[in-house]
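Notes follow the structure.
Fair warning: this is a prediction, and the values are worked out from it, not measured in the lab.
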There are 2 protein chains.
Amino acid sequence: MVRRRAPEKERREQILWAAFEVAARDGLAGLTVRAVAAEAQLSHALVLFHFGRKEHLLQELLGWLLATTSVFDVSEDVVGFPHALDRLYALLQQEMARLTHEPRHVRLFFEYWALGARHEPIRVRISAELERYRAAFRENMEELLLAEPATFAGITADGLAAVAVSLIQGCAMQAMNDPEHFDTDGYLVAARGIIGQLAAPVTPMNARNSSHS
Amino acid sequence: MVRRRAPEKERREQILWAAFEVAARDGLAGLTVRAVAAEAQLSHALVLFHFGRKEHLLQELLGWLLATTSVFDVSEDVVGFPHALDRLYALLQQEMARLTHEPRHVRLFFEYWALGARHEPIRVRISAELERYRAAFRENMEELLLAEPATFAGITADGLAAVAVSLIQGCAMQAMNDPEHFDTDGYLVAARGIIGQLAAPVTPMNARNSSHS
DNA sequence: TTTGTTATTGACCGCTTGGTCAATATAGGT
DNA sequence: ACCTATATTGACCAAGCGGTCAATAACAAA
């Protein structure tokens with residue numbers, strides 16, 4: 001009926017946003033060309049005109065998701081802390097906060113992860129993103145390892161970074177589908193406590209054996 | 001063509017197994033009534049005859065998955081160790097091994113988790129399973145907390161159990177889609193190292209400050 | 001105004017899906 | 001052998017899917 005022409009770039013962004021809305025609401029299973037078109041109030045033929053195939057839309061939505069998600073703005077808030085341990089705390093807390101502020105992005109990421117099992121190009125991109133995620137922690141972990149080489153004999157920075165990523169992913173999985181029953185604060189405290197044991201500077205005050213012997 | 005009558009229970013199990021094969025191969029998106037029927041070499045009408053609706057098949061497959069998956073046979077191998085920490089090690093290692101021995105079960109569980117976001121009855125069952133999973137660790141964690149209450153001030157057994165579950169889930173997510181690039185052993189060593197810092201019996205040999213001062 | 005390019009649409013196609021149903025073959029009790 | 005139960009099937013249906021295409025409206029350039 002009412003037709004308004006729009007430049008290609010603008011339309012594509014509009015359609016991608018609509019695709020995200022649909023995927024966030026109905027899951028990737030509900031991401032149909034027609035549903036996206038309805039969300040954007042366009043004809044479904046126009047969506048295919050701009051993206052060629054649904055497959056392209058699916059892949060570009062993943063690109064949009066990875067680009068849009070505010071991953072690891074490590075810069076300002078985190079860098080301030082002098083100690084590596086404090087930066088790790090801040091990093092973890094920041095990521096936990098992101099899980100609760102952008103749950104739809106995180107959830108969609110998990111869905112793409114599952115899709116990646118049977119879809120190689122998507123699997124590759126998801127793996128790369130996870131690797132990028134670990135890399136953001138690795139630097140920090142190397143500092144921790146250097147501080148106390150004897151304690152961490154045999155442990156690699158990669159291993160520790162992977163563990164850090166697990167802490168975030170695992171919290172997301174347990175909390176997202178059951179937010180009122182899962183104690184996110186208790187989780188954060190426990191995670192922080194564990195990390196604290198990792199590399200707390202050894203002084204008489206917090207030395208472990210002060211409570212024994 | 002060749003028709004053989006089978007008692008209801010037998011047929012249902014046959015169909016459920018076929019459903020698992022299909023879901024493991026093609027994902028829940030590929031779990032169609034017809035695909036299951038083809039896998040079981042039956043007509044698709046027969047599948048609907050025994051399960052009524054696809055919805056029922058989907059739910060019963062989840063039940064089958066949770067029942068079949070060899071979760072937490074804590075009994076024999078683990079109970080043997082006298083120290084809580086060793087039992088925790090064994091538990092973690094056992095679960096890690098399960099991830100690699102039953103990857104299809106684990107992957108399907110993740111897919112049900114994602115589906116649970118828009119499907120309440122499934123979400124409820126998944127949440128319950130995760131809770132059950134945490135409970136298996138909680139008992140162990142309480143022992144650790146009792147051993148050194150000062151070190152873990154403010155930390156709850158629930159929080160620690162959730163962290164333990166995260167270690168397993170996170171490892172699965174990072175490793176499953178990228179097994180040759182992810183260092184599972186390094187992960188396990190790191191996780192074990194972290195836990196070791198948690199509550200290792202304090203002796204001159206492994207006391208942390210032995211490398212300092 | 002005319003012309004040419006392109007964004008947009010509705011109609012259409014072939015295919016797959018979940019689900020129903022009458023017809024039929026099978027087994028067990030008598 | 002007959003009869004009743006039910007397990008099993010192929011045919012059918014409406015709905016929704018991705019994708020194609022000719023027709024058309026909007027816009028910029030001439």
Subject >> Canonical and wobble pairing (Watson-Crick, G-U, under 3.5 Å) of DNA chain C, dot-bracket with | >> reply: |||||||||||||||||||||||||.||..
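Between A:H105 and A:F20, the ring centre distance stays below 6.0 Å.
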Subject >> Steps toward salt bridge (Lys or Arg N to Asp or Glu O under 4.0 Å) verdict (A:E111, B:R118) >> reply: CA-CA 12 Å; A:E111 261 195 279; B:R118 287 130 204 140; 3.0 Å; yes
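Computed from coordinates, the A:L46 CG to D:dA23 C1' distance equals 15 Å when rounded to whole Å. Separating the CG atom of B:L48 from the P atom of C:dG19 is a distance of 6 Å, rounded to the nearest angstrom. What separates CZ of B:F51 from C1' of C:dT20 is a distance of 19 Å, to the nearest Å. The distance between atom NE2 of A:H50 and atom C1' of D:dT20, rounded to the nearest whole Å, is 16 Å. Rounded to whole Å, the distance from CZ on B:R11 to P on D:dT6 is 17 Å. Atom-to-atom, CZ of A:F49 to P of D:dT20 comes out at 13 Å; the value is rounded to the nearest Å. Rounding to whole angstrom units, CD of residue A:E55 and P of D:dG18 are separated by 12 Å. The distance from atom CZ of B:R34 to atom P of D:dT8 is 18 Å, rounded to the nearest whole Å.
Ring orientation note: the planes of B:W113 and A:F110 are nearly perpendicular, at an angle over 60° on the 30°/60° scale.
A donor-acceptor contact under 3.5 Å links the side chain of B:H44 to the base of C:dG19.
Minimum atom distance to the side chain of A:K54 is reached by D:dG19, of the listed D:dG19, D:dT9, C:dG19. Distances from the side chain of B:V33 to the nucleotides C:dT20, C:dG10, C:dG18 place C:dG18 closest.
A salt bridge is defined here as a Lys NZ or Arg NE, NH1 or NH2 lying under 4.0 Å from an Asp or Glu carboxylate O, and B:R138 with B:D158 meets this definition. Classification of A:E60 and A:R125 as a salt-bridged pair fails, no side-chain N sitting under 4.0 Å from a carboxylate O.
In this structure, NZ on B:K54 lies 5.5 Å from CG on B:L31, to the nearest 0.5 angstrom.
Checking the phosphate oxygens (OP1, OP2) of C:dT17, a side-chain nitrogen or oxygen of B:T32 falls inside 4.0 Å.
Look at D:dA22: its glycosidic torsion is beyond 90° from 0, and that puts it in the anti range.
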